[in-house]
Amino acid sequence: MKNLKYYLLLIPIVVVLTAGGFDAKKIKLFNGKDLSGWTIYGTEKWYVEDGLLICESGPDKGYGYLGTDEHYKDFELELEFKQSADGNSGVFIRSTVEGTKVSGWQVEVAPPGHDTGGIYESYGRGWLVKPDPEKDKALKFGEWNKMKIRVEGDRVISWLNGTEMVDFSDAKIGAGEGGICLQIHDGGGIKVAWRNIKLKEL
């Protein structure tokens, strides 16, 4: 009987420790202070302000990327973004950049009506999959949005504010290697804020 009471007392402790261990597996990709662990590609603006990561069009109005120094294969990525202006941006997975030419796959971040959450292959096949148009209402333009991306093997699933946007499998993505890149689109007039960028390797 004493042993039973002992084990019953241990159960909540084990549950707490297990939950804490799960949370500890998440890596903060952005520390809220500077761009440590990231590399800027191109001449567009990437900076930290009030604990937020900001991307903004520069005078060249070209493409710009901010890429992780580390590569990640299978993972769940969670982040929040707020589009202050045009908002045409994106999150690249298993990607590399040379100059401002990116190789990899983009989960779209864009203004309303432009397929946020869809998957685009730059300098390749173009759009691979777009969300159903009615799912576009999940985007809150000008407000904070939560995006989740799960990449495992050849499968990519994206969510926006809890709504599953796409679930797509592709052999070429499955063979891809590289890091996480945030994009600023060319054309000028774009400004997007990012925060709470966390990754859990699978």
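Side-chain N or O atoms of Asn145 include none that pairs as donor or acceptor with a backbone N or O of Leu139 at under 3.5 Å. Using modelled atom types, no side-chain atom of Asp74 and backbone atom of Leu202 make a donor-acceptor pair closer than 3.5 Å. A donor-acceptor pair under 3.5 Å is absent between the side-chain atoms of Trp46 and the main chain of Tyr41, judged by distance alone. Between the side chain of Asp132 and the main chain of Glu134, no donor-acceptor pair closer than 3.5 Å is present. With hydrogens and angles ignored, the 3.5 Å screen pairs no side-chain donor or acceptor of Thr39 with any backbone N or O of Gly67. Checking side-chain atoms of Thr68 against main-chain N and O of Gly179 turns up no donor-acceptor pair under 3.5 Å. The backbone N or O of Phe30 sits nowhere less than 3.5 Å from a side-chain atom of Lys198 that would complete a donor-acceptor pair. Between the Thr116 side chain and the Ala110 main chain, a donor and an acceptor come within less than 3.5 Å of each other. The main-chain N or O of Lys172 is found under 3.5 Å from a side-chain atom of Asp170 such that the two form a donor-acceptor pair. The backbone N or O of Lys61 lies less than 3.5 Å from no partner atom in the side chain of Asp186, so there is not a single donor-acceptor pair.
Note: Lys82 NZ to Phe141 CZ = 11.5 Å, rounded to the nearest 0.5 Å. If you take CG on Leu29 and CG on Leu77, they are separated by 6.5 Å, rounding to the nearest 0.5 Å. Residue Lys137 holds its NZ atom at 8.5 Å from OG1 of Thr163, rounded to the nearest 0.5 Å. Distance check: Gln83 CD to Glu143 CD gives 10.5 Å after rounding to the nearest 0.5 Å. Taking CZ of Arg125 as the reference point, atom CD1 of Ile119 lies at 10.0 Å (rounded to 0.5 Å).
Salt bridge annotation for Glu177-Lys73: present, with a cationic side-chain nitrogen under 4.0 angstrom from a carboxylate oxygen. Classification of Glu80 and Arg195 as a salt-bridged pair holds, one side-chain N sitting under 4.0 Å from a carboxylate O. Using a cut-off of 4.0 Å between Lys/Arg side-chain N and Asp/Glu carboxylate O, Lys135 and Asp115 are scored as not salt-bridged.
Relative ring orientation between Trp194 and Phe81 is described as tilted, the plane-to-plane angle lying within the 30° to 60° band.
A 4.5 Å side-chain heavy-atom check between Phe92 and Val102 finds at least one atom pair inside the cut-off. Considering only heavy atoms from C-beta on, Glu44 stays 4.5 Å or farther from Thr100 through its side chain. Residues Ile184 and Ser57 are in side-chain contact: their nearest non-hydrogen atoms beyond the backbone lie under 4.5 Å apart. Under the 4.5 Å side-chain criterion, counting only non-hydrogen atoms from C-beta, Lys26 is not in contact with Lys28. Side-chain atoms of Lys146 and Asn196, non-hydrogen and from C-beta on, never get closer than 4.5 Å to each other. A heavy-atom distance below 4.5 Å is not found between the side chains of Leu182 and Cys55. The closest side-chain heavy-atom distance from Leu66 to Leu53 is below 4.5 Å. Side-chain contact between Ile93 and Tyr72 is absent, with no heavy atoms from C-beta onward closer than 4.5 Å.
Heavy-atom neighbours of Arg155 CZ from other residues, nucleotides or ligands within 6.0 Å: at or below the threshold of 12. Heavy atoms of other residues, nucleotides or ligands lying less than 6.0 angstrom from NE2 of His71 number more than 12. A 6.0 Å sphere centred on CG of Asp50 holds no more than 12 heavy atoms belonging to other residues, nucleotides or ligands. By the 6.0 Å contact criterion, CD on Glu152 is enclosed, its count of non-hydrogen atoms from other residues, nucleotides or ligands being greater than 12.
Grouping the Ile, Leu, Val, Met, Phe, Trp and Tyr side chains by contacts below 4.5 angstrom, directly or via other members, places Tyr120 apart from Tyr63. Under the 4.5 Å side-chain heavy-atom criterion for grouping Ile, Leu, Val, Met, Phe, Trp and Tyr, Leu79 is not connected to Tyr65 through any hydrophobic cluster. Hydrophobic clustering of Ile, Leu, Val, Met, Phe, Trp and Tyr side chains at less than 4.5 Å, counting indirect connections, keeps Val109 apart from Ile157. The hydrophobic cluster containing Trp144 does not contain Val107, counting ILVMFWY residues as joined when their side-chain heavy atoms lie under 4.5 angstrom apart, directly or transitively. Tracing side-chain contacts under 4.5 Å through hydrophobic residues (I, L, V, M, F, W, Y), one never reaches Trp159 starting from Val129; they form parts of separate clusters.
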**Request:** Apply the test side-chain contact (heavy atoms from CB on, under 4.5 Å) to residues Asn88 and His114: give CA-CA distance (whole Å), side-chain angles for both, the deciding distance (0.1 Å), then the verdict.
**Result:** CA-CA 9 Å; Asn88 197 327; His114 289 83; 5.9 Å; no
**Message:** Under the criterion side-chain contact (heavy atoms from CB on, under 4.5 Å), I'd like the reasoning laid out for Ile54 against Lys45: C-alpha separation, chi angles, the key distance, then a yes or no.
**Reply:** CA-CA 8 Å; Ile54 310 293; Lys45 299 176 183 178; over 6 Å; no
**Evaluation steps, side-chain contact (heavy atoms from CB on, under 4.5 Å), between Asp86 and Val192** = CA-CA 8 Å; Asp86 181 326; Val192 181; over 6 Å; no
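In summary, of the residues considered (Glu78, Glu164, Glu76, Glu201), a salt bridge (Lys or Arg N to Asp or Glu O under 4.0 Å) with Arg150 occurs for Glu76 alone.
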